[in-house]
Enquirer: 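First the structure, then my questions, so here it is.
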Amino acid sequence: MQYTLLTRDKHSEARCGVLSTAHGEIRTPIFMPVGTAGTVKAVHTRELKEDINAEIILGNTYHLYLRPGMQILHAAGGLHRFNGWERPILTDSGGFQVFSLTDTGRKITEEGVTFRSHIDGSKHLFTPENVIDIQRQIGADIVMAFDECPPGTSDYVYAKRSLALTQRWLERCVARFDTTESLYGYEQALFPIVQGCIYKDLRECSAEHAVALDRAGYAIGGLAVGEPADEMYAMIEVVNRILPQDKPRYLMGVGTPENILEAIALGVDMFDCVMPTRNGRNGMLFTTEGVINIKNQKWEKDFSAIDPAGLCYVDRDYSKAYLRHLIKSDELLGLQICSVHNLAFYLWLVGEARQHIMEGDFVEWKRGMVKKITTRL
RNA sequence: GGGGAGAUACCAAAGUGGCCAACUGGGGCAGACUGUAACUCUGCUGGCGUACGCCUUCGUAGGUUCGAAUCCUGCUCUCCCCA
């Protein structure tokens with residue numbers, strides 16, 4: 001996996017680059033739609049490619065391992081073959097699920113995490129080793145280290161102990177990864193995850209430890225989990241001072257369009273978030289003019305385009321009033337339109353960011369854009 | 001024509017003397033959602049007031065009672081069964 005740094009902004013840490021993978025190139029900064037269970041919810045792969053211009057999507061180790069299970073994914077020849085997405089895929093390790101799922105029957109030990117399936121209650125064990133094995137079987141281009149993602153409100157003592165465990169797990173992930181091979185004949189890369197909550201010294205320690213393991217890219221995890229945005233930005237700044245310039249940086253699970261632009265300015269290259277799809281399914285639309293709650297009565301008779309900028313065919317084909325009707329009526333097409341629109345918006349936004357970094361006016365452009373896209377319509 | 005059942009807030013539907021401005025759904029109106037157990041969750045939904053509260057409501061007109069959506073009488077309407 002090769003990352004080529006193309007441009008560095010003169011007025012911020014923002015940068016443009018290209019990440020080359022076995023399944024194609026990714027222009028950075030990039031947003032990666034989340035496809036937890038092997039599908040970006042309510043969106044066709046054809047729309048992802050042609051209308052949204054997604055260059056890479058996510059899958060999730062925890063969910064895919066539970067269903068359909070490794071036997072089927074392996075028999076299919078990996079996730080790319082299984083779901084028909086021939087562009088790059090990144091899989092999250094399941095570390096976040098360990099944190100986010102209810103803790104009934106969940107137990108964290110040195111070895112790994114035992115947990116109960118949310119589907120049938122069955123007991124399972126994730127270890128750094130088997131999580132790497134699973135991601136080998138899924139065949140993701142980028143596989144994530146198995147980490148513990150503590151809550152944003154964790155105290156220092158807990159954060160420090162948690163980070164130490166994450167670091168030991170990371171070394172085991174690296175060892176397993178480096179002694180195994182891709183099952184399907186193409187290159188995979190392992191990204192470590194920097195943790196440390198909102199504590200500067202822990203973040204620095206985590207970043208230095210990860211960099212020493214010399215990987216193709218690095219992730220920043222454990223942010224946007226309850227801490228104020230300013231603290232998140234401060235942590236990104238701290239970590240990015242240590243992460244190498246010639247490797248991509250991935251901020252996990254973030255975020256709002258504003259978060260993404262601010263993080264790009266701090267030198268982040270890759271993002272993923274459920275927000276455009278989940279919030280979209282719940283009627284929240286991100287547009288070039290501001291944020292819309294399509295369920296609100298004010299759109300009842302508004303027959304104008306979803307987004308006048310017309311970023312995507314759904315913006316041209318459907319009106320706000322019609323989309324409101326669909327969502328209010330629980331029609332499936334509404335979920336699809338909202339998801340496609342929001343993803344198209346996110347991909348458009350990072351595309352614009354790339355453009356302005358190249359042109360040298362990123363910071364100025366960002367200032368105006370943040371104001372527009374955070375407006376409540 | 002005869003017999004029976006019923007009329008409750010936007011809809012459906014509980015409540016059958018005080019704990020009822022009235023359970024619960026639905027609908028409506030808002031809000032939340034950040035490495036997806038999420039087409040989910042939360043709040044509000046007679047009027048006025050931030051609130052204690054006050055006012056007007058349970059087909060309609062009267063009555064009984066300290067007190068009625070709840071009991072009695074007349075009227076209006078709806079539904080079901082038999083002819």
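In the text below, chain A, chain B and the rest are named by the order of the sequence lines, each starting its count at 1. Note that the structure is a prediction, hence the values are computed from the model and not measured. Every heavy atom of this structure was used, including side-chain atoms; hydrogens, water molecules and symmetry mates were not.
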Enquirer: Over how many whole Å does the gap from H124(A) atom NE2 to A37(B) atom C1' extend?
Expert: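 Those two atoms, NE2 and C1', are 13 Å apart.
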Enquirer: What I want to find out is whether E289(A) reaches K372(A) closely enough, with some N-O distance under 4.0 Å, to be called a salt bridge.
Expert: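 Looking at E289(A) and K372(A), the cut-off is not met.
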Enquirer: Rounding to the closest angstrom, what is the interatomic distance between C20(B) and U70(B) at atom C1'?
Expert: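 Approximately 11 Å lies between the C1' atom of C20(B) and that of U70(B).
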Enquirer: Tell me if the side-chain of D330(A) makes a donor-acceptor pair with the base of C39(B), cut-off 3.5 Å, by modelled atom types.
Expert: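 Result: no qualifying N/O pair found.
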Enquirer: Rounded to whole Å, how long is the line connecting atom CZ of F96(A) with atom C1' of C33(B)?
Expert: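 So the two atoms are 12 Å apart, to the nearest Å.
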Enquirer: Salt bridge between R172(A) and E129(A), side-chain N to carboxylate O under 4.0 Å?
Expert: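 A salt bridge is present here (some side-chain N lies under 4.0 Å from a carboxylate O).
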Enquirer: Is R281(A) near enough to A32(B) that one of its side-chain N or O atoms lies under 4.0 angstrom from OP1 or OP2?
Expert: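 Result: no.
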Enquirer: Give me the distance, rounded to whole Å, that separates A12(B) from G63(B) when you measure between the P atoms they each carry.
Expert: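 Approximately 31 Å lies between the P atom of A12(B) and that of G63(B).
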Enquirer: Checking all strands, does N293(A) fall into the base, sugar-phosphate, or nothing category for heavy-atom contacts under 4.0 angstrom?
Expert: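 Here N293(A) touches the backbone only, sparing every base.
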Enquirer: Measuring only the C1' atom in each nucleotide, how far is A13(B) from A7(B)? A whole number of Å is fine.
Expert: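 So the two C1' atoms sit 13 Å from each other.
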Enquirer: Which one, A30(B), U36(B), U34(B), comes nearest to the side chain of T256(A)?
Expert: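 That would be U34(B).
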Enquirer: Side chain of D92(A) only, please: which of U36(B), U40(B), U34(B) is the nearest?
Expert: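 Shortest atom-to-atom distance from the side chain points to U36(B).
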Enquirer: If I pick the P atom on U73(B) and the same atom on U64(B), what distance separates them, to the nearest angstrom?
Expert: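 The answer is 15 Å between these two P atoms.
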Enquirer: Rounding to an integer number of Å, can you tell me how far L285(A) CG sits from C33(B) P?
Expert: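 From L285(A) CG to C33(B) P: 16 Å.
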Enquirer: Using atom NZ of K295(A) as one end and atom P of U45(B) as the other, report the distance to the nearest whole Å.
Expert: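 The distance from NZ of K295(A) to P of U45(B) comes to 19 Å, rounded to the nearest Å.
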Enquirer: Look through every strand shown and name the nucleotide pairing with C29(B) as Watson-Crick or G-U wobble, where both distances are under 3.5 Å.
Expert: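 Base partner found: G43(B).
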Enquirer: When the distance from CG of L335(A) to C1' of A38(B) is rounded to whole Å, what number comes out?
Expert: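 In whole Å, A38(B) C1' lies 12 Å from L335(A) CG.
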Enquirer: Applying the side-chain contact (heavy atoms from CB on, under 4.5 Å) test to W169(A), which of V131(A), D147(A), V113(A) qualifies?
Expert: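 Testing each of V131(A), D147(A), V113(A) against W169(A), the sole residue satisfying side-chain contact (heavy atoms from CB on, under 4.5 Å) is V113(A).
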Enquirer: Taking OP1 and OP2 of U40(B), is either one under 4.0 Å from a side-chain nitrogen or oxygen of R278(A)?
Expert: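 So the side chain of R278(A) is outside the cut-off, no N or O lying under 4.0 Å from OP1 or OP2 of U40(B).
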Enquirer: H325(A) NE2 to G28(B) P: how many Å, rounded?
Expert: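 Rounded to the whole Å, the gap is 12 Å.
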Enquirer: State which of U36(B), U34(B), G35(B) makes the closest approach to the side chain of A224(A).
Expert: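 Of the options given, the side chain of A224(A) lies nearest U34(B).
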Enquirer: Among the candidates U36(B), U34(B), C29(B), find the nucleotide nearest to the side-chain atoms of T36(A).
Expert: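 Ranking U36(B), U34(B), C29(B) by closest atom to the T36(A) side chain puts U36(B) first.
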Enquirer: Can R215(A) and D178(A) be counted as an ion pair, charged N to O under 4.0 angstrom?
Expert: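 Yes.
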Enquirer: How close or far is atom P of G35(B) from atom CG of L190(A), stated in whole angstroms?
Expert: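 Spelled out: CG on L190(A) to P on G35(B) is 21 Å.
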Enquirer: List the steps and the verdict of salt bridge (Lys or Arg N to Asp or Glu O under 4.0 Å) for D214(A) and K247(A).
Expert: CA-CA 10 Å; D214(A) 190 26; K247(A) 300 284 173 67; 3.3 Å; yes
Enquirer: When we call it a touch if two heavy atoms are under 4.0 Å apart, what does T277(A) touch: a base, just sugar-phosphate, or nothing?
Expert: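 Base, at least one base heavy atom under 4.0 Å.
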Enquirer: Below 4.0 angstrom from OP1 or OP2 of G31(B), is there any side-chain N or O of N296(A)?
Expert: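 Looking at the OP1 and OP2 atoms of G31(B), one of them is under 4.0 Å from a side-chain N or O of N296(A).
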Enquirer: Has the side chain of S100(A) got a donor or acceptor atom sitting under 3.5 Å from an opposite partner on the base of U36(B)?
Expert: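 When only heavy-atom distances are counted, S100(A) does not reach the base of U36(B) through any donor-acceptor pair under 3.5 Å.
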Enquirer: Given atom CZ of R324(A) and atom C1' of G27(B), what is their separation to the nearest angstrom?
Expert: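 To the nearest whole Å, that distance equals 12 Å.
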Enquirer: Checking contacts here: which listed nucleotide (A38(B), C29(B), U40(B)) is nearest the side-chain heavy atoms of K328(A)?
Expert: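 Among A38(B), C29(B), U40(B), the one nearest the side chain of K328(A) is C29(B).
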Enquirer: My understanding is that a pair needs two contacts under 3.5 Å, Watson-Crick or G-U wobble. By that rule, which nucleotide pairs with G59(B)?
Expert: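 The answer is C75(B), by the H-bond criterion.
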Enquirer: Could you go through the salt bridge (Lys or Arg N to Asp or Glu O under 4.0 Å) check for K49(A) and E86(A) one step at a time?
Expert: CA-CA 10 Å; K49(A) 282 186 277 195; E86(A) 69 268 26; 3.2 Å; yes
